[in-house]
Amino acid sequence: MENKEIDLQTLRHSTSHIMAQAVQNIYPQAKLGFGPAIDNGFYYDFDIEGVTLNEEDLKKIEDEMKRLIKEDLHFEKYVIPNVDEQIEEFKQQGEIYKAELLEEHRNDNPTLYLTKDKSGNVLFNDLCAGPHLENTRSIKAFKLLSVAGAYWRGNEKNKMLQRIYATAFLTKDELQAHLTMLEEAQKRDHRKLGTQLELFSLHNEVGGGLVLWHPNLSVVREEIENYWRTEHRKRGYDIVYSPHIAKSELWETSGHMGYYRENMYIIQDEETEFVLKPMNCPFHILMYSSTRHSYRDLPLRLAELGTVYRNEKSGALAGMTRVKGFTQDDAHIFCTPEQMVDEINAIIDFVADTLKMFDMDFEVELSTRPEKFVGKIENWDLAEVGLKKALEIKGLKYEINEGDGAFYGPKIDFKLKDAIGRTWQGATIQLDFNLPERFNLKYQDSDGQLKTPVMLHRVIFGSMERFMGVLIEHYSGAFPAWLSPKQVAVVPIADRHIDAAAKIANDLKADGLRVYLDDRSESMNYKIRDCLQGKKIPYVLVLGDREIESGKAAVRARGRGQIGEMEIAEFVQKIQEEIATRGKEIVE
RNA sequence: GCCGGUGUGGCUCAAUGGUAGAGCAACGGUUUUGUAAACCGUAGGUUGGGGGUUCGAUUCCCUCCACCGGCACCA
């Protein structure tokens, strides 16, 4: 397994060299940037004067690659004997990016990889540490996927190059499986499902990144918010509300006016400047500071479903996962330094329990103290050790981003994966050694001294919008019963069964279920199909002469076929249990 | 914000320098169904907004808005 993975990396990296060679054969003016293997494939960045690559060009490049591969070329490592001469040669060839890189790596025993034909002629070379395949015979399955802009070295001040994304696999079957998977993933895209299932909409005239929650998705949200409130009360939080705007003065104190102004919507009335809140923290801080606090009162945990607005750059927006207006399931915890680690532990538990309930995949990242930081170093150390320990106790795998914490504190991020493999920040836990100072927060400790509390910011879902987007994809729009906009469809077979069906539908509603009575004048088959596959309702009760006579219903479950006849009361009892436990399918 | 692409009935998509067509959905009718798409018909579009070129623009150009794939950003 391990070996195969390394091979795949090498295969992809070598294929990227062949791609670069093909591009230069077709466009001799093309200059090379980076061309690494990545998670699901590889890419190569090119600067091609006068050419904008399109889909057809990708085909041409692919064909040229196939031709090269057939030539049975081989790769050969070449230690650069004289770096200065090589830099000069790169410059002569116009390979300014390679020259720049070599200059930086001059003391690392830099190597070239040569691509040679069978007679040993060098057809192509690239500055590269390798390793590479021995020869192109191993390249059996690859595909160029897309072309996109990318800044040289990832810096927006640099020139934008053209990046070709591609992938390669050891066999054609594996490649095909990967391509099929990509297609399947697209069907789960929450933006498509959002339209298909009438979950939400976005409108030109409302503006980008501003989501309209339709009734169906509002039901899902309501259920999740109910869960959220109940869990918070259980875990010792107080739930609060705060206004949507506040005077600039507040944001001056918090510091946001200084480093976040670009992203804030400013509202000016005749004499006062207001800010549409991009965060909830200052309000919770003021709640804290409006009374005196004893160490006995702490920790104070304030939670709010707080709707914030941030003016994101236009290109950043994406469906529900990156929006301008969104509701954070925010909380701020004020505690003593001694309580900090326990509080972090409790939040990690909260996050892990919640995500587990949704069976969601996530990755964990821990970001530690950067070079420039505020706060006491012993609190940083305590926090970092505490964060690590908590993650280990929970058995969560995590990556450490050394020095990547915010200047005001270390943090743990939970990354959720969307349908097409992109990761989005969901839950986050951030220590803050800065705002308590700026707002001069105090508590009176057991020794009578006034001390500064530690503050934690945290979200469990991140934002309702983003979480919902990922959740839609996670379930492919087929929500479990407790979240489903409609939980049961009642389908009368013929018109003469409508009255009985309506009565059952009403009874089910009286039992607290969300019911869709499908009294359309359509065939039974059509209605079953539309309810299960179209509307993705988890259960369908079919009613005809037989059922009315027996007082039962024929139950069919989404994706699981026919379950059989069942007393209505038995069905109600089972589905209610399924809903109450927010669990897996109990009706069977 | 940057590079590239896209915007046509509610949805998915087609077509064209001579004012647009299909399927699904909707509506009307027929059918009254036994477990994942019955049949017939009707209606529905200033082709994202604005401007320009042209005898004529939905098509070509400019601009704005929005969306998509990336990059950058995500305090």
Side-chain angles (χ1 to χ4, degrees), chain A residues 43 45 47 52-55 57 145-165 186 189 191-192 194-198 201-210 251 254-264 278-279 281 308 310-319 321-324 326 406-408 411 413 420 422 424-425 428 430 432 434 457 462-463 466 491-498 520-535 540-547 554-565:
Chain A
Y43 67 77
D45 290 341
D47 180 359
T52 301
L53 295 173
N54 59 32
E55 294 279 309
D57 298 328
L145 298 171
S146 62
V147 57
Y151 297 108
W152 167 236
R153 315 202 80 171
N155 186 331
E156 66 178 328
K157 296 201 172 81
N158 291 340
K159 184 165 184 180
M160 183 159 269
L161 310 180
Q162 301 188 63
R163 173 172 300 177
I164 299 178
Y165 281 96
Q186 277 175 14
D189 191 314
R191 293 164 296 193
K192 280 192 182 171
T195 305
Q196 189 192 319
L197 300 172
E198 294 178 70
S201 60
L202 296 159
H203 298 263
N204 243 324
E205 57 269 55
V206 177
L210 298 165
W251 308 101
S254 69
H256 291 109
M257 268 304 199
Y259 61 85
Y260 203 63
R261 199 191 172 100
E262 294 279 284
N263 287 281
M264 303 199 298
M279 335 212 154
C281 1
V308 298
R310 301 178 185 181
N311 192 4
E312 302 291 353
K313 288 182 178 171
S314 56
L317 302 175
T321 44
R322 187 78 184 268
V323 289
K324 280 184 176 170
F326 54 99
F407 71 90
Y408 53 77
K411 58 174 181 172
D413 292 326
I420 51 180
R422 295 184 290 203
W424 296 94
Q425 180 161 318
T428 175
Q430 301 185 359
D432 191 334
N434 179 47
H457 309 250
S463 77
R466 176 175 293 176
V491 173
I493 291 178
D495 286 356
R496 65 176 179 279
H497 308 124
I498 289 181
R520 291 176 294 181
S521 172
E522 292 286 350
S523 70
M524 177 193 65
N525 280 339
Y526 174 86
K527 290 193 279 193
I528 289 173
R529 181 188 155 90
D530 188 50
C531 288
L532 294 174
Q533 194 183 77
K535 302 189 198 307
V540 171
L541 303 186
V542 179
L543 273 145
D545 293 332
R546 287 208 300 268
E547 289 75 16
V555 182
R556 182 171 266 269
R558 180 186 58 204
R560 292 189 287 142
Q562 221 167 328
I563 286 184
E565 288 204 356

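All values below come from the heavy atoms of this structure, side chains included, with hydrogens, waters and symmetry mates left out. From a predicted model like this one, the values you see are computed outputs, not experimental measurements.
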With sequence neighbours excluded, residues passing side chain to side chain donor-acceptor pair (under 3.5 Å) with [X]:
X: A/Tyr151; value: none
X: A/Asn434; value: none
X: A/Glu156; value: none

If you find the nucleotide of RNA chain B closest to A/Tyr259 and the one closest to A/Glu205, which residue's nucleotide is nearer the 5' end?
A/Glu205

Would you mind telling me which residue lines up with the more 5' stretch of RNA chain B, A/Arg163 or A/Met279, judged by nearest nucleotide?
A/Arg163

How does each nucleotide of nucleotides 29-39 of chain B score, in 5' to 3' order, for protein heavy atoms under 4.0 Å: base (B), sugar-phosphate only (S), or none (-)?
--BBBBBBBB-

Along nucleotides 1-9 of chain B, 5' to 3', which nucleotides get a B, which get an S, and which get a -, given that the test is a protein heavy-atom distance under 4.0 Å?
BBBS--B--

Taking atom [atom2] of [N] as reference, at what distance in whole Å does atom [atom1] of [X] sit?
X: A/Arg322; N: B/C68; atom1: CZ; atom2: C1'; value: 16 Å
X: A/Gln196; N: B/C13; atom1: CD; atom2: P; value: 12 Å
X: A/Leu210; N: B/C65; atom1: CG; atom2: P; value: 14 Å
X: A/Leu317; N: B/C73; atom1: CG; atom2: C1'; value: 11 Å
X: A/Asn158; N: B/C71; atom1: CG; atom2: C1'; value: 12 Å
X: A/His256; N: B/C74; atom1: NE2; atom2: C1'; value: 13 Å
X: A/Glu55; N: B/C68; atom1: CD; atom2: P; value: 18 Å
X: A/Leu197; N: B/C24; atom1: CG; atom2: P; value: 20 Å

Would you please confirm or rule out a distance under 4.0 Å between OP1 or OP2 of B/C71 and any side-chain N or O of A/Tyr165?
yes

With sequence neighbours left out, what residues match [X] under ring-ring contact (aromatic ring centres under 6.0 Å, His included)?
X: A/Phe326; answer: none
X: A/Tyr260; answer: none
X: A/Trp152; answer: A/Phe34, A/Tyr97

Taking atom [atom1] in both [N] and [M], compute the distance separating them and give it to the nearest angstrom.
N: B/U63; M: B/A43; atom1: C1'; value: 36 Å
N: B/A36; M: B/A72; atom1: C1'; value: 46 Å
N: B/C68; M: B/A20; atom1: C1'; value: 25 Å
N: B/G29; M: B/U59; atom1: P; value: 41 Å
N: B/U54; M: B/C2; atom1: C1'; value: 34 Å
N: B/G49; M: B/G10; atom1: P; value: 13 Å
N: B/U58; M: B/G18; atom1: C1'; value: 12 Å
N: B/C40; M: B/U8; atom1: C1'; value: 28 Å

[X] versus [Y], closest heavy-atom pair with distance:
X: A/Asp530; Y: A/Arg520; value: OD2-NH2, 2.9 Å
X: A/Thr52; Y: A/Asp57; value: O-OD2, 3.6 Å
X: A/Tyr259; Y: A/Ser254; value: OH-O, 4.4 Å

Test of understanding: with side-chain contact (heavy atoms from CB on, under 4.5 Å), list the residues that count as partners of [X], not counting sequence neighbours.
X: A/Ile493; result: A/His497, A/Met524, A/Val542
X: A/Gln430; result: A/Tyr408, A/Lys411, A/Thr428, A/His457
X: A/Ile498; result: A/Pro492, A/Asp495, A/Asp519

Could you give the distance from NZ (A/Lys527) to CD (A/Glu522), rounded to the nearest 0.5 Å?
8.0 Å

Please classify the nucleic acid contact of [X] as base, sugar-phosphate, or nothing, using heavy-atom distances under 4.0 Å.
X: A/Gly319; value: sugar-phosphate
X: A/Gly154; value: sugar-phosphate
X: A/Phe326; value: nothing

Pairing pattern in dot-bracket form [Watson-Crick, G-U; both distances under 3.5 Å; | = partner strand] for RNA chain B
(((((((..((((....[..)))).(((((.......))))).....(((((..]....))))))))))))....

